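To start, the structure under review is shown below, and the notes come after it.
In what follows, every chain begins at residue 1, and chains take the letters A, B, ... in the order their sequences are listed. Not measured: the values here are computed from a predicted model.
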Amino acid sequence: MTETPLLSVRDLKLVFDGRKGPLTALDGVSFDIRPGEILGVVGESGAGKSLTGTAVIGLVDPPGRIAGGSIHLAGQRIDNLPAEAMRALRGRRIGAIFQDPLTSLHPLLKVGDQIVETILTHLPVSRTEARARALDLLEQVGIPAASTRIDHYPHQFSGGMRQRVVIALALCAEPDLIIADEPTTALDVSIQAQITSLIKRLCREKGAATMLVTHDMGVIAETADRVAVMYAGRIAEIGPVAEVTRRPRHPYTAGLMASIPSVLRRNATLQQIDGAMPRLGAIPPGCSFNPRCARATELCRTLQPTLGLQAHEAACHHPLVEADHG
Amino acid sequence: MAEANPILIVENASCRFDVSGPWLQRIATGAPRRELKAVNQVSFSVPRGATFSIVGESGCGKTTLARMIVGLQPPTAGSVRFGEIRRADGTVGPPRVQMIFQDPYASLNPRWRVGDIVAEPIRELKLRATEAETAARVAELLVTVGLSAADADRYPHAFSGGQRQRISIARALATEADVLVCDEPTSALDVSVQAQILNLMVRLQKKLDLTYILISHNLSVVRHMSDQLAIMYLGRIVEIGDADTIFNGPLHPYTRLLLDTIPDVESPNRARAPLSGEVPSPINPPPGCAFHPRCPMAEAACSRTVPELMPRPRRSVACLVLENSEGAADAQISRSTPSA
Ligand SMILES: Nc1ncnc2c1ncn2[C@@H]1O[C@H](COP(=O)(O)OP(=O)(O)OP(=O)(O)O)[C@@H](O)[C@H]1O
Ligand SMILES: Nc1ncnc2c1ncn2[C@@H]1O[C@H](COP(=O)(O)OP(=O)(O)OP(=O)(O)O)[C@@H](O)[C@H]1O
Ligand SMILES: [Mg+2]
Ligand SMILES: [Mg+2]
């Protein structure tokens, strides 16, 4: 554990300046990712997963702004870099796969040309080499007939193929850090396996670190080394993937695991966590999950729980223990 | 599969796209015209009140088929028809059909407030008499999908991916359609919000006799929702029928491989290998059965003859090897169902 983390995020705070004052969207988010490691990030829709990724790659747009904390890449502080320096880091050292494939693809350019231009911007290779590399990557992400497809426009691809083009684009300059936001949501299980094994290979062989945001617990269980569970702008639980998925300590994590539909049987209704996550600006005092939590006490309504320093931690006053897992 | 009183009938529907280069370049280089068969002679029918799911590899033609059903993409051959239905208010007519799009980013107008996005179909179809009633309905819909009434004043960019997906669901529900074509409706949702949305869909279906056409890569969701299931491979249906029957004993070799590659939290397989063999291209599909180059059961005939869907109890399968082998039912691999 003494190895320097490739990515280190400390006490990250992100706010949106609104008419009624700042709304806090991320509140004290801290985590590390070591070289070669994959950190999975899961959590409620709107919890701040994408914003965390956006902050790391330095693309927070107004009215949003980083209001506190720090981000280090291989020991170098990057959250206060000038825009120009950050742009150089992005693409070369940080490869980002966005949740919205359209933000990364230009609709009027052939997909091959887009990848070739990105490679030429970041790597010292010739145009011919760049094109060969682009073709190779398209094949690696499972685009059939890649040599024909390389000259097609984005609208001629299916949803899942576009997503794979974006992945190829993010990986083409062999970045040290990969921020992958829902990279496999539009993909079938077989292509999904191909993409996750590609990312795993980059981590293992090139020592890249990956932050993998996904809703698919199956993908997390098979791909990630550790997992962070987010709720209302904070990390609710973090730890080794097998620990967190099999023996969740935070009641929110436990509820999340219980909501997964099973492929083996058909139930009348799925288990759900009743209620909705609080809106920004309406986050209750104490633990933000307390209004939906069966274990909540007066303590939970007043004092905000924090994360400790162990490998597996839950920000909860009344965590589930071994006996609760039966 | 003839249904007694189908609400949707798709007959031999095909869709081809011209993917040739620009004509000038074609003339200069002498390259031939290229055609991509996205959907190839697909037939099925769906009874009212049922959930019919379509699964298959990325690029196999699911979205194209969905677009043909809602009328956004005319079939290049064959037809898509609807039966007449009698609504609760006594009127008889063709069903109202609405689609929830795969990409929640592209389908929301960024310059409109969320309230107007959801209100548009209500105003357009005159589903509420006054603006006040429309606003109340919008607020109710936003709360139903787990957002809040105050969100009506914000613009789509201020929402996360899953929140935007819920806005498109709210808009689709606003149309009060009889048939909802849902293309990956919950792909951007975490499992707890997903459970809420799926439970909501099931409740509405029972109450209003809705028909769902569901497209999803998430086979657990498909298993949970479907009455009937079609498995597509490269534009064709290879297995179709009762969903439980297929999940409990997939027959087509592709269906079996598909059901075997599902990542599972309970028993993760960290060494999962993707389906081997080259993914075929719909521009240049393999001859015979399109799956034969990747099929562990393939025989010589499979590369020559295109298999037809052959009826079996509660389903149909298009596979020459199964057709030829006697007692194919014995070859069926039962998936065990552990008791809950
Ligand atoms: N421009 C903005 N103005 C105001 N609030 C915003 C803005 N952008 C995002 N938010 C809010 O910030 C919160 C976190 O958003 P984020 O996109 O990080 O969620 P997420 O965890 O990625 O969710 P999902 O799983 O649905 O993608 C959401 O509640 C969202 O409404
Ligand atoms: N407008 C178009 N022009 C040319 N080809 C197209 C067009 N739209 C779709 N295609 C092609 O048709 C095939 C089927 O696409 P479709 O979008 O139906 O796939 P899908 O099954 O929905 O895949 P996914 O799961 O990735 O969304 C793909 O090979 C795609 O490239
Ligand atoms: Mg997100
Ligand atoms: Mg699609």
Side-chain angles (χ1 to χ4, degrees), chain A residues 16 42-47 49-50 99-102 142-145 148-149 151-152 156-161 164 182 185-194 196-197 215-223 245 255-257 259-267 269-273 276 279, chain B residues 17 19 21 34 56-59 63 102-103 105-106 146-148 150 159-163 166 184 187-196 198-199 202 217-221 223-224 244 247 257-258 261-265 268-270 272-275 278-281 283-284 335 337-338 340:
Chain A
F16 287 102
V42 301
E44 191 95 349
S45 165
K49 305 180 294 294
S50 298
Q99 195 170 6
D100 170 6
L102 295 177
I143 301 281
T148 311
R149 291 288 192 166
D151 290 321
H152 283 183
Q156 295 178 305
F157 286 69
S158 80
M161 290 175 180
R164 283 177 270 162
E182 307 279 1
T185 33
L187 302 179
D188 59 274
V189 284
S190 173
I191 299 289
Q192 201 176 62
Q194 197 164 342
T196 51
S197 52
H215 290 303
D216 193 324
M217 288 292 191
V219 168
I220 290 280
E222 294 196 354
T223 316
T245 54
L256 207 55
M257 297 307 299
S259 309
I260 304 174
S262 166
V263 75
L264 296 178
R265 51 193 167 264
R266 188 173 179 192
N267 299 333
T269 41
L270 293 171
Q271 243 195 73
Q272 61 180 55
I273 310 174
R279 285 161 52 75
Chain B
F17 292 107
V19 290
R34 278 165 174 268
E57 238 169 5
S58 170
T63 300
Q102 182 169 13
D103 185 349
Y105 290 89
L147 298 171
S148 88
F159 290 87
S160 75
Q163 289 167 338
R166 284 181 275 166
E184 302 282 356
S187 61
L189 302 180
D190 62 279
V191 285
S192 86
V193 172
Q194 171 176 282
Q196 288 180 338
L198 295 179
N199 287 341
V202 171
H217 287 303
N218 186 327
L219 294 171
S220 318
V221 169
R223 167 100 231 212
H224 178 70
D244 285 333
F247 268 103
L257 282 168
L258 195 68
T261 29
I262 306 170
D264 186 0
V265 225
N269 167 10
R270 296 185 65 99
R272 174 179 316 288
L275 184 53
E278 195 181 340
V279 183
S281 157
I283 302 173
N284 237 329
R335 291 173 76 84
T337 311

Engaged part of [X] at the chain A interface, taking heavy atoms whose separation is under 4.5 Å:
{"X": "B:I283", "answer": "side chain"}
{"X": "B:D244", "answer": "side chain"}
{"X": "B:V19", "answer": "both"}
{"X": "B:S187", "answer": "both"}

Heavy-atom contact with chain B under 4.5 Å, split by part of [X]:
{"X": "A:T148", "answer": "side chain"}
{"X": "A:S45", "answer": "both"}
{"X": "A:T269", "answer": "both"}

Taking every heavy-atom pair that is under 4.5 Å apart, which of B:G162, B:A195, B:S160 has the most such pairs with chain A?
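The candidate making the most pairs under 4.5 Å is B:A195.
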For each of B:T63, B:L189, B:V202, B:V221, tally heavy-atom pairs with chain A at distances under 4.5 Å, and name the one with the top tally.
B:L189
Closest heavy-atom pair and its distance - A:P261, B:S220:
O-CB, 3.3 Å
Looking only at non-hydrogen atoms, find the nearest pair between A:I273 and B:Q196 and report the distance.
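Nearest heavy atoms, A:I273 then B:Q196: O-NE2, 2.8 Å.
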For A:E44 and B:S192, which I'm curious about, is there any donor-acceptor pair between the side chains at under 3.5 Å?
yes
Between the side chain of B:D190 and the main-chain N/O of A:H215, is any donor-acceptor distance below 3.5 Å?
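Absent.
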If you measure from CZ on A:R164 to OG on B:S58, what distance do you get to the nearest 0.5 Å?
4.0 Å
Going from CG on A:L187 to CD on B:E184, what distance comes out if it is rounded to the nearest 0.5 angstrom?
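Nearest 0.5 Å value for the CG-CD distance: 9.0 Å.
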Partner chain B: residue of A:E182, A:Q271, A:R149 with the largest heavy-atom pair count (under 4.5 Å):
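Greatest number of close heavy-atom pairs with chain B: A:R149.
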Return yes when atom CD of A:Q156 has more than 12 non-hydrogen atoms of other residues, nucleotides or ligands closer than 6.0 Å, and no otherwise.
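Correct, the count exceeds 12.
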